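Note sheet for the following structure.
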Amino acid sequence: MKDFAGKIAVITGGGTGMGRELARQLVAEGCNVAMCDVSAEAMAETKRLCEVEKLPQGLRITTHVADVSIEDHYKRFRDELIEQQATDKIHLLFNNAGIGGGGSLFTNTREQWERTFNICWGGVYLGVRTFLPLLVKADEAHIVNTSSVNGFWASVGLGVSHTAYSAAKFAVKGFTEAMINDLRLNAPHVKCSVVMPGHIGTSIVSNSRKVQNGADQLNPDELKQARQRLQGQGIDVAKMSDADIQQLALDRARIFHDEAPTTAAAAAKIILDGVKADRWRILVGDDAHLLDERVRKTPEQAYTPEFYQGIVAATGWKVG
């Protein structure tokens with residue numbers, strides 16, 4: 001697919017981050033966009049940003065409230081899209097929605113763990129299941145599933161568990177790779193790509209808390225985990241109040257967004273360029289390329305302190 005003009009794209013998680021930037025760049029190229037998110041307000045802002053420049057006549061941007069972990073929400077989204085976009089086909093599917101959290105089988109609840117897994121993995125699976133018939137009807141189509149560097153390296157540092165997100169992203173990577181041949185055999189005009197971003201400047205940290213807790217605050221269990229993580233990093237937490245820990249968490253979310261080595265806009269461009277080049281494997285960010293190279297070179301060392309410290313030193317990560 002060499003250009004996107006006149007095409008119809010579905011984007012999950014279109015309210016913020018890479019989803020928002022994908023929408024903006026696709027619309028700028030003359031592509032119709034149907035996005036979903038759990039936040040109508042966030043999608044309204046994405047749509048406003050897309051419409052800052054006058055849209056070509058007839059170009060459609062539609063917003064749909066949906067939780068991607070719930071199949072009935074997806075079906076409603078699909079039916080609304082068919083009506084509002086006046087189509088029975090789509091050309092692009094970006095399974096982009098995701099949250100963090102639920103990192104530990106020991107210190108997180110099963111509900112938190114499965115919430116993360118069901119959005120990050122289930123959202124991709126249900127997205128493909130729901131929209132595949134519309135993709136097949138197009139003359140050419142492309143599925144883009146967002147995994148992560150955590151789809152080949154299941155860690156974000158020595159002081160924090162990261163099982164739910166990593167398990168989901170490994171599943172997304174394997175699923176997408178297996179789809180290459182499934183599509184080749186059954187729908188050769190439909191292509192697919194797995195996207196593996198490194199540290200991208202998005203609001204996933206704060207958004208994940210809102211989805212998991214209903215507010216941008218740590219719950220009591222998370223406060224305890226945050227204390228353990230900070231203590232593991234050599235920080236004296238004995239005299240720190242809960243309010244101090246909450247503030248550090250807010251600061252971490254801000255740093256994750258503001259000091260990332262790759263912006264969401266830059267990430268979206270890399271993804272779209274990868275689709276145009278028909279690349280099935282799209283690494284996003286210099287840190288993603290570096291981590292991929294080092295994990296492949298010394299896989300048995302990938303979870304040692306020395307390996308992580310080397311990655312931090314080479315990338316300047318501030319995410320642990």
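The residues of the chain are indexed from 1 along the displayed sequence. In what follows, every heavy atom counts, from backbone to side chain, and hydrogens, waters and symmetry copies are set aside. The shown structure was predicted, so the numbers you read here are calculated from the model rather than taken from an experiment.
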Open item on the list: Is it the case that the side chain of N145 and the backbone of N95 share a donor-acceptor pair, with hydrogens and angles ignored and the cut-off at 3.5 Å?
Closed with: no

Task: Heavy-atom pair of closest approach, residues C31 and L92 - done: SG-CD1, 4.2 Å

Open item on the list: Distance check, rounded to the nearest 0.5 Å: T46 atom OG1 versus M35 atom CE?
Closed with: 5.5 Å

Open item on the list: Regarding S69 and D67, do their side chains bring together a donor and an acceptor under 3.5 Å, going by distance alone?
Closed with: yes

Open item on the list: As a test of understanding, state which of H142, M179, M1 forms a side chain to side chain contact (heavy atoms under 4.5 Å, CB included) with K191.
Closed with: H142

Task: E293 side chain near K297 side chain, heavy-atom distance below 4.5 Å - done: no

- [ ] Please name the pair of heavy atoms, one in A86 and one in R60, separated by the smallest distance, quoted to 0.1 Å.
- [x] CB-NH2, 3.9 Å

TODO: Can you see which heavy atom on I282 is nearest to which on V275, and at what distance?
DONE: CD1-N, 4.1 Å

Task: S161 and T107, any side-chain heavy atoms less than 4.5 Å apart - done: no

Open item on the list: Applying ring-ring contact (aromatic ring centres under 6.0 Å, His included), can you list everything that pairs with Y74, at least two apart in sequence or on another chain?
Closed with: none

Task: From CD (E21) to CG (L272), nearest 0.5 Å - done: 10.5 Å

Open item on the list: When you compare the side chain of F131 with that of L81, does any pair of heavy atoms fall below 4.5 Å?
Closed with: yes

TODO: Please answer whether the main-chain N or O of V65 pairs with a side-chain N or O of R76 as donor and acceptor at a distance below 3.5 Å.
DONE: yes

TODO: Could you check whether the rings of F77 and H64 sit parallel, tilted or perpendicular, using 30° and 60° as the cut-offs?
DONE: tilted

Open item on the list: I'd like to know if the side chain of T116 and the backbone of G100 have a donor-acceptor N/O pair within less than 3.5 Å.
Closed with: yes

Open item on the list: For W153 and F307, take the angle between the two ring planes, folded into 0 to 90°, and tell me which bin it lands in: parallel under 30, tilted 30 to 60, perpendicular over 60.
Closed with: tilted

